[in-house]
Amino acid sequence: MTNFDEAVYEVLRKVPRGSVTTYKNIANALNTKAYRRVGTSLKNNPYAPEVPCHRVVKNDGSIGGFMGHISGSTITKKIELLKSEGVEVINGKVVDFGKICWRG
DNA sequence: GCGCTTATCGCAC
DNA sequence: GTGCGATAAGCGC
């Protein structure tokens, strides 16, 4: 896999609606440890609707979002979308995260 | 229990 | 060749 990004998108696309995954989970799926690279690749997000970067959260269930820029423009709106899918996000954290945590 | 530091991997400059 | 970045885990206080 030359394109790390593409691999991330592919894995993320496998995540079913109403579930969330973590950077570590994706990195693990890719058999790598570049947790940070995963998010950075999601930042590019050329497959916006197909690669829901908002569906990816930290290993703790917190959105993390953008080094703390969350409240303002990026993730916040998408959180509402997540709630529409069945993923409830409160205070920037996924509810029942450990239950909807998707794992390959 | 909370906070800070170190470790890790790939990509861009 | 060096630095940086949507994290993670460990150690310290």
Side-chain angles (χ1 to χ4, degrees):
Chain A
M1 52 169 86
T2 351
N3 284 4
F4 190 90
D5 309 271
E6 199 176 301
V8 174
Y9 307 140
E10 194 176 335
V11 174
L12 191 54
R13 277 178 79 178
K14 286 174 62 180
V15 180
R17 182 180 77 96
S19 298
V20 290
T21 188
T22 67
Y23 300 102
K24 188 189 177 176
N25 216 324
I26 295 172
N28 189 19
L30 300 175
N31 203 35
T32 187
K33 295 169 204 142
Y35 322 104
R36 306 179 73 179
R37 259 313 99 200
V38 177
T40 313
S41 297
L42 291 175
K43 189 178 89 167
N44 291 269
N45 198 0
Y47 298 85
E50 293 186 74
V51 183
C53 42
H54 56 264
R55 204 175 288 167
V56 186
V57 294
K58 289 200 177 180
N59 195 18
D60 206 79
S62 45
I63 300 295
F66 208 140
M67 262 195 170
H69 288 215
I70 313 171
S71 305
S73 41
T74 319
I75 312 283
T76 328
K77 281 189 172 179
K78 311 213 167 177
I79 289 176
E80 292 185 54
L81 183 65
L82 279 169
K83 291 173 79 171
S84 191
E85 294 185 2
V87 181
E88 196 170 358
V89 181
I90 298 178
N91 199 15
K93 289 188 180 175
V94 181
V95 182
D96 293 316
F97 169 70
K99 295 183 179 182
I100 61 180
C101 168
W102 175 86
R103 55 187 303 191

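Chain letters run A, B, ... following the sequence lines, proteins first, then strands; residues in each count from 1. Just so you know, these numbers use all the heavy atoms, side chains as well, and skip hydrogens, waters and symmetry mates.
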Measure the distance from [atom1] on [X] to [atom2] on [N] and round it to the nearest whole Å.
X: A:D5; N: B:dA12; atom1: CG; atom2: P; answer: 7 Å
X: A:N44; N: C:dG5; atom1: CG; atom2: P; answer: 14 Å
X: A:R37; N: B:dT8; atom1: CZ; atom2: P; answer: 17 Å
X: A:I26; N: B:dG10; atom1: CD1; atom2: C1'; answer: 15 Å
X: A:K43; N: B:dC11; atom1: NZ; atom2: P; answer: 14 Å
X: A:K33; N: B:dT6; atom1: NZ; atom2: P; answer: 20 Å
X: A:R36; N: C:dA6; atom1: CZ; atom2: C1'; answer: 10 Å
X: A:K77; N: C:dA6; atom1: NZ; atom2: C1'; answer: 19 Å

Donor-acceptor pair, side chain of A:S19 and main chain of A:V15, under 3.5 angstrom: no

Closer than 3.5 angstrom, by distance alone: can the side chain of A:Y47 be matched with the main-chain N or O of A:E10 as a donor-acceptor pair? no

Hydrophobic side-chain clustering at under 4.5 Å (ILVMFWY, transitive links): who's grouped with A:L81? Put none if nobody. none

Side chain to side chain contact (heavy atoms under 4.5 Å, CB included) partner of A:L12, the single match among A:T21, A:N45, A:N25: A:T21

Do A:T22 and A:F97 pass the side chain to side chain contact (heavy atoms under 4.5 Å, CB included) test, and can you show the C-alpha distance, the side-chain angles, and the key distance before you say yes or no? CA-CA 10 Å; A:T22 67; A:F97 169 70; 3.2 Å; yes

Salt bridge (Lys or Arg N to Asp or Glu O under 4.0 Å): which pairs involve residues 55-64 of chain A, sequence neighbours left out? A:R55-A:E85

Can you pull out every salt bridge (Lys or Arg N to Asp or Glu O under 4.0 Å) where at least one residue sits in residues 91-104 of chain A? Sequence neighbours excluded, please. none

What's the closest nucleotide to the A:L42 side chain, out of B:dG10, C:dA6, B:dT8? C:dA6

In DNA chain B, consecutive runs of at least three Watson-Crick or G-U pairs below 3.5 Å, as range with range, amount to B:1-7 with C:7-13, B:9-13 with C:1-5

Can you name the residues that form a salt bridge (Lys or Arg N to Asp or Glu O under 4.0 Å) with A:R17, not counting sequence neighbours? none

Pull out every protein N or O sitting under 3.5 Å from an N or O of nucleotides 8-12 of chain C, one pair per line with the distance.
residue: C:dA8; atom: OP1; partner: A:N59; partner atom: N; Å: 2.7
residue: C:dA8; atom: OP2; partner: A:N59; partner atom: N; Å: 3.4
residue: C:dA9; atom: OP1; partner: A:K24; partner atom: NZ; Å: 2.6
residue: C:dA9; atom: OP1; partner: A:N59; partner atom: ND2; Å: 3.2
residue: C:dA9; atom: OP2; partner: A:N59; partner atom: ND2; Å: 3.1

A:W102 versus A:V11: any side-chain heavy-atom pair under 4.5 Å? yes

Pick one for C:dA6: is it syn, with its angle within 90° of 0, or anti? syn

